[in-house]
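Note that the numbering runs from 1 along the sequence shown for the chain.
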Amino acid sequence: MNRLAVTAVAVVAGLSLSACGGDDDATDTAAAPSSPSATSAGTPTQSSSPEEGDSAGTAPEEGAADQGSTGQESGGTGKIERCHTDDLTIKASDATIGDDPTKAVAVELRNTSNRSCSIKGFAGVNLLSSEGAIPATRRDQKDDGTTLKAGEPTFFGIFYKGNDSGGSGVKIKGLVVTPPDERKSVTLKWPGEPSLPITDSPETTVEIGPMGSMGQGG
């Protein structure tokens, strides 16, 4: 009987030790932080009839929007987080001066979040036309970047040749803007001339400047 009692006690002790080890493993697993989800910009969808000049939806199906890029990091210790598309209200207005043959559109990006954010480099810009998307070429200009406080704007310019051919040209139907380093785009009503000239010249038709390269209205 004594031998049986000793054996039973040993078995019970062994089971108790096994349960404690399992609890330690479970505790370690529960304490391990889960990987943070990447910020999702959502799948771009075509917007319906955008209001004039204002942000209105995401990139349309016809042609992939040119995405701006500067290599900025998204936040980090001691750094101001970059401006995301959802932080900004984006508008476009005609900025052509007089009869200047080079036409201009000013694009405003205003920080409507409740925090400061940084913005630098070039936006992605596509003009939507009757012939498909027309990507803009970046001008050889540098941008040191800027910090937008809540409510502050910055501007960049879109420059293009007017249609003086006398023909119908290429009809412009809209404007797609993607802020620097972002994937989410907005579609705006085109505020410039209704068409661009049709040309076989290799010369760039549409150019853009970096953030901060244009003041309000030109």
Side-chain angles (χ1 to χ4, degrees), residues 39-42 44-47 49-60 63-75 79-97 103-128 133-160 172-192 206-218:
T39 302
S40 173
T45 55
Q46 179 148 8
S47 63
S49 302
E51 295 295 330
E52 181 171 0
D54 292 338
S55 304
T58 53
D66 174 29
Q67 295 171 5
S69 177
T70 65
Q72 290 189 98
E73 295 182 7
S74 179
K79 294 183 179 180
I80 296 176
E81 188 174 358
R82 76 168 187 265
C83 300
H84 299 289
T85 304
D86 290 338
D87 297 326
L88 303 167
T89 295
I90 304 176
K91 299 180 180 181
S93 59
D94 182 45
T96 301
I97 300 174
K103 310 302 179 182
V105 165
V107 180
E108 173 190 322
L109 298 90
R110 184 177 296 273
N111 178 11
T112 51
S113 72
N114 57 4
R115 62 177 178 83
S116 295
C117 63
S118 64
I119 193 164
K120 180 181 180 181
F122 291 83
V125 171
N126 283 267
L127 273 61
L128 304 180
I134 301 174
T137 300
R138 299 170 184 177
R139 284 187 164 182
D140 186 17
Q141 293 178 264
K142 293 183 179 180
D143 171 28
D144 294 328
T146 187
T147 296
L148 298 180
K149 295 179 181 179
E152 287 187 341
T154 188
F155 300 82
F156 73 89
I158 302 174
F159 308 95
Y160 64 99
I172 304 302
K173 302 190 294 181
L175 170 65
V176 179
V177 177
T178 311
D181 292 313
E182 289 292 292
R183 292 183 177 275
K184 186 176 182 180
S185 303
V186 296
T187 302
L188 310 174
K189 184 175 181 179
W190 173 245
V206 182
E207 295 182 321
I208 58 170
M211 294 295 118
S213 61
M214 177 175 275
Q216 184 173 5

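In this structure, Phe122 CZ and Arg139 CZ are separated by 10.0 Å, a value rounded to the nearest 0.5 Å. Atom CG in Asn111 sits 4.0 Å away from atom SG in Cys117 (nearest 0.5 Å). Taking OG1 from Thr112 and CD1 from Ile90, the interatomic distance works out to 9.5 Å, rounded to the nearest 0.5 Å. One finds the CZ atom of Arg110 at 9.0 Å from the CD atom of Glu152 (value rounded to the nearest 0.5 Å). If you take NZ on Lys173 and CG on Leu128, they are separated by 7.0 Å, rounding to the nearest 0.5 Å.
The two residues Gln141 and Gly209 have their closest heavy-atom pair at OE1-CA, 3.8 Å. Across every non-hydrogen atom of Leu148 and Pro153, the tightest pair is CD2-O, 3.6 Å. Between Leu188 and Lys91, the closest heavy-atom pair is CD1-C, 4.2 Å. Scanning both residues, Gly192 and Asp94, for their nearest heavy atoms gives CA-OD1, 4.4 Å. Between Cys83 and Ile119, the shortest heavy-atom contact is SG-CB, 4.0 Å. Counting all heavy atoms, side chain and backbone alike, Ser213 lies closest to Gly157 at OG-N, 4.0 Å.
Counting only heavy atoms from C-beta outward, the side chains of Asp143 and Phe156 never approach each other to under 4.5 Å. For the pair His84 and Arg82, the minimum side-chain heavy-atom distance is below 4.5 Å.
For Thr85, the side-chain contact (heavy atoms from CB on, under 4.5 Å) test picks out Pro179, Glu182, Lys184, Val186, with sequence neighbours left out. With sequence neighbours excluded, no residue forms a side-chain contact (heavy atoms from CB on, under 4.5 Å) with Lys142. In terms of the ring-ring contact (aromatic ring centres under 6.0 Å, His included) criterion, residue partners of Tyr160 (sequence neighbours excluded) are, by chain and number, Trp190.
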Side chain to side chain contact (heavy atoms under 4.5 Å, CB included) between Val125 and Val107, intermediate numbers included: CA-CA 10 Å; Val125 171; Val107 180; over 6 Å; no
Side chain to side chain contact (heavy atoms under 4.5 Å, CB included) assessment of Lys149 paired with Ser116: CA-CA 4 Å; Lys149 295 179 181 179; Ser116 295; 3.9 Å; yes
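A distance-only check finds no donor-acceptor pair linking the side chain of Thr154 to the backbone of Leu109 [under 3.5 Å]. Side-chain atoms of Thr96 come within 3.5 Å of backbone N or O of Ala104 as a donor-acceptor pair.
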